[in-house]
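Structure, as structure tokens:
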There are 2 protein chains.
Amino acid sequence: MNKKQFLPWDHPRFRSWVSVARACQMMQSALTRELAPLDLKPPHLDILANLYRHAGLSQQELARKLLVGRSNISMTLPQMERRGLIERRGDSRDKRVLRLFLTAEGEALALRAMQIQTALIDRSLSRTPLEDCSAIGAQMERIIAALQMEDDGGAESG
Amino acid sequence: MNKKQFLPWDHPRFRSWVSVARACQMMQSALTRELAPLDLKPPHLDILANLYRHAGLSQQELARKLLVGRSNISMTLPQMERRGLIERRGDSRDKRVLRLFLTAEGEALALRAMQIQTALIDRSLSRTPLEDCSAIGAQMERIIAALQMEDDGGAESG
DNA sequence: ACTTTATTGTTCAAGGTTGAACATTGTAAG
DNA sequence: CTTACAATGTTCAACCTTGAACAATAAAGT
């Protein structure tokens with residue numbers, strides 16, 4: 001008679017995480033919409049923001065920070081380079097790596113895009129007290145660490 | 001001299017949300033990895049889980065729940081139907097809509113996949129107290145509501 | 001009844017993402 | 001030095017996702 005013996009929705013952590021995932025997806029959609037006038041998509045913004053922060057990254061390092069494959073970066077960057085947003089210079093010591101930098105135009109666009117993103121986040125989280133925001137951020141860092149472990153070492157005991 | 005006048009990373013809500021997005025992305029990657037043995041990807045699981053929960057949904061309703069386009073559903077479902085996981089029956093009252101149901105095999109696979117997902121979430125959130133999980137879920141629901149408003153009514157006052 | 005407007009599902013082209021195979025360059029081992 | 005191994009970036013085929021255009025059906029307006 002027990003038609004549904006396994007109902008994940010009864011599971012508190014499961015329910016909470018579903019909400020998290022949903023919120024993320026909607027934020028992504030909203031960001032895509034608001035970035036459209038700049039002819040940018042979230043992945044482009046991620047790249048611009050990271051190069052704004054850490055000038056001189058290699059493609060590999062950038063890919064790792066963004067959690068995407070090298071090939072992704074390798075196919076996206078030439079577009080942005082042609083658009084005059086970034087610059088790639090070969091590393092003098094290691095001829096394999098290309099170091100990435102924003103152009104002046106790229107930095108200007110990065111700033112505009114980041115302002116749009118920050119404004120969107122502010123609007124969406126306006127009903128969430130700062131204290132709770134920080135608490136959420138801290139918990140998420142824990143979760144990231146836990147998932148990091150899985151990535152690296154499958155099932156390392158510790 | 002103020003080289004970086006606009007640093008989003010100084011912004012508490014921005015920082016917190018970056019962590020949220022990162023955690024989501026890593027969870028998605030981990031889920032993709034763990035679902036591979038079942039020859040399923042997260043979007044397939046989303047479909048199975050939603051039909052498990054709400055049998056008889058139309059494709060439109062399913063698309064809305066999953067926050068994807070109708071075309072997406074329209075191209076994914078035939079694959080799953082050929083695989084014997086779902087069934088599509090025309091609605092008798094409205095000849096436009098197709099009502100969706102899980103087959104026995106689909107339900108079995110849905111259960112296995114949901115158990116994998118629940119286990120992954122449990123593992124990743126094991127260091128996050130239940131109380132905090134619930135608080136996070138509640139805040140996320142607020143954020144979802146805020147983003148919902150933007151979607152619907154652009155800038156409705158109220 | 002007739003026309004207009006909306007909704008549902010399908011198709012298609014465009015673009016994004018991935019993982020594997022590859023060439024090049026650096027590093028360690030013998 | 002020579003050989004084996006590892007890391008970086010590129011290319012390619014496969015797949016996924018999207019948005020627009022479309023045909024069929026329903027609902028609303030006249």
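Labels below follow one simple rule: chain letters A, B, ... track the order of the sequence lines, proteins then strands, and each chain is numbered from 1. In this text, all values refer to a predicted model and were calculated from it rather than measured experimentally.
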Hey, does A:Arg99 reach any base, or is it just sugar-phosphate, or nothing, if we go heavy atoms under 4.0 Å? nothing
Could you tell me how far apart B:Gln28 (CD) and D:dT17 (P) are, to the nearest whole angstrom? 10 Å
At 4.0 Å (heavy atoms only), tell me whether B:Leu98 reaches a base, stays on the sugar-phosphate, or touches nothing. sugar-phosphate
In whole Å, what is the span from the CD atom of A:Glu81 to the C1' atom of D:dT10? 14 Å
Sub-3.5 Å donor-acceptor pair from the side chain of A:Ser124 to the main-chain atoms of A:Leu120, do we have one? yes
Consider only side-chain N and O atoms of B:Asp122 and A:His11, and report whether a donor and an acceptor are under 3.5 Å apart. yes
Under the criterion side chain to side chain contact (heavy atoms under 4.5 Å, CB included), I'd like the reasoning laid out for A:Met140 against B:Arg22: C-alpha separation, chi angles, the key distance, then a yes or no. CA-CA 8 Å; A:Met140 289 297 156; B:Arg22 203 169 177 71; over 6 Å; no
I'd like to know if the side chain of A:Arg88 and the backbone of A:Glu81 have a donor-acceptor N/O pair within less than 3.5 Å. no
Taking the inter-plane angle between the rings of A:Phe14 and A:Trp9 on a 0 to 90° scale, is it parallel (under 30°), tilted (30 to 60°) or perpendicular (over 60°)? perpendicular
Give a yes/no on whether any side-chain N or O of A:Ser74 is located under 4.0 angstrom from OP1 or OP2 of D:dG9. no
Between A:Gln59 (CD) and D:dT11 (C1'), how many Å, whole number? 13 Å
For A:Gln60 and D:dT8, is the shortest distance between a side-chain N/O and OP1 or OP2 below 4.0 Å? yes
Counting only side-chain heavy atoms from C-beta out, which of D:dT8, C:dG16, C:dT10 sits nearest to B:Arg70? C:dT10
Start at the 5' end of DNA chain C and walk down; is the nucleotide closest to B:Met75 or to B:Arg64 reached first? B:Arg64
Consider the side chain of A:His44, meaning its heavy atoms from C-beta on, and name the nucleotide among C:dG16, C:dG9, C:dG26 that approaches it most closely. C:dG16
Under 3.5 Å, is there an N or O donor on one side and an acceptor on the other linking the side chain of B:Ser71 and the base of D:dG19? yes
Indicate yes or no: does A:Arg127 engage B:Glu141 in a salt bridge with an N to O separation below 4.0 Å. no
Whole angstroms only, please: what is the CG-P distance between B:Asn72 and D:dC15? 16 Å
What about B:Arg96: does its side chain form a donor-acceptor pair under 3.5 Å with the base of D:dA26? no
Distance, rounded to the nearest Å, where B:Glu61 contributes CD and C:dT8 contributes P: 8 Å
Among C:dT17, D:dG9, C:dT25, which nucleotide sits nearest the side chain of A:Pro43? C:dT17
Report the nucleotide, chosen from C:dT18, C:dG9, C:dG26, that has the shortest atom-to-atom distance to any side-chain atom of A:Val68. C:dT18
Taking only the side-chain heavy atoms of A:Gln79 (C-beta and beyond), determine which of D:dA26, D:dC12, C:dG16 contains the nearest atom. C:dG16
Between A:Arg33 (CZ) and D:dG19 (P), how many Å, whole number? 11 Å
Here the distance between atom P of C:dG16 and atom CG of A:Leu40, to the nearest Å, is 12 Å
Is there a side-chain polar atom (N or O) of A:Arg93 under 4.0 Å from OP1 or OP2 of C:dT27? no
Could you state the atom-to-atom distance from CG of A:Leu77 to P of C:dG16 in whole Å? 13 Å
